[in-house]
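Right, one structure below, let's go through it.
It should be emphasised that the depicted structure is a prediction, and the values quoted were computed from it without experimental measurement.
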Amino acid sequence: MRAGSGHKLTVPARAPLPAAAAEAACAEYERQQAVMRSRTDMMRGFAQSRQCRTETLLAYFGEDLKKPCGHCDNCADGTAHEIAAAEPEGPFPVHARVQHGEWGEGMVMNYEEDRMTVLFDDVGYKTLSVPVVVANTLLTPVKESSKAGH
C-alpha cells in the first residue's frame, strides 16, 4: 500500500488479496524452516562424521575434493582414509543433478555406507537409503537442458 493524493492508501493492481498473501507467506516460512532444519541436521552429521572434514565441508558447498585432505582430525587419526578406501559407489555420481517426485530437483552430495545425501533446491538436505532409492526408482537423472535455469 502507498499513500496517494489526499493521504488515501491504494493497493497495487496486481497485489494478491490479503488472505492469499498471508497463505503464500506462511508457505514460504514453512519451506525456509524445512531448509534450516535440514542444514542443522547436516551440521550435526558433519560433527559426528568420521569422513575427511575438508572433503565433507567442500561437498556441502558443491565442491569436489578427490581424496582426503590429510590435515583434519579424521585424517590425522586415520579414520578418513579407512572410510575413503571403503567408500561405496552409488547409483548417481556425486554432484549429479537428480529429480525426486515430491521434492523436485537436487544434487547428490555424498554417499556413506548405504545412505546418500541429496541437497534438494526447495526442501534442503535429505538423507536417503540407497537400496530404497534404487528399488523404487525414487530419483532420476536431470537432463542437461533442465539445468540451464540453475
*Kindly indicate, with the supporting measurements, whether the criterion side-chain contact (heavy atoms from CB on, under 4.5 Å) is fulfilled by H71 and T54.*
CA-CA 8 Å; H71 303 290; T54 302; 5.8 Å; no
Hydrophobic cluster identity match, [X] and [Y], side-chain contacts under 4.5 Å:
{"X": "M43", "Y": "V35", "answer": "no"}
{"X": "V134", "Y": "Y111", "answer": "yes"}
{"X": "M109", "Y": "M36", "answer": "no"}
{"X": "F92", "Y": "V123", "answer": "yes"}

*How many angstroms lie between CG in L119 and CZ in R97, if you round to the nearest 0.5 Å?*
8.0 Å
_To the nearest 0.5 Å, what is the distance between OH on Y125 and CZ on R37?_
16.0 Å
*asked:* Treating N74 as the side-chain partner and Q51 as the backbone partner, does any N or O pair qualify as donor plus acceptor under 3.5 Å?
replied: yes
*asked:* For L138, is there any backbone N or O sitting under 3.5 Å from a side-chain donor or acceptor partner on N136?
replied: no
If you look at every heavy atom in [X] and [Y], which pair is closest and at what distance?
{"X": "V142", "Y": "Q99", "result": "CG2-N, 3.8 Å"}
{"X": "C72", "Y": "R53", "result": "SG-N, 3.3 Å"}
{"X": "E102", "Y": "H100", "result": "N-ND1, 3.0 Å"}
{"X": "C75", "Y": "P68", "result": "SG-CB, 3.6 Å"}

*Would you say the side chain of V108 lies within less than 4.5 Å of the side chain of P93, judging by non-hydrogen atoms?*
no
*Start with the C-alpha gap between V133 and V118, add the side-chain angles, then the distance that decides, and say whether side-chain contact (heavy atoms from CB on, under 4.5 Å) holds.*
CA-CA 11 Å; V133 166; V118 180; over 6 Å; no
_Can you confirm whether Q33 is buried at CD, in the sense that more than 12 heavy atoms of other residues, nucleotides or ligands lie under 6.0 Å from that atom?_
yes
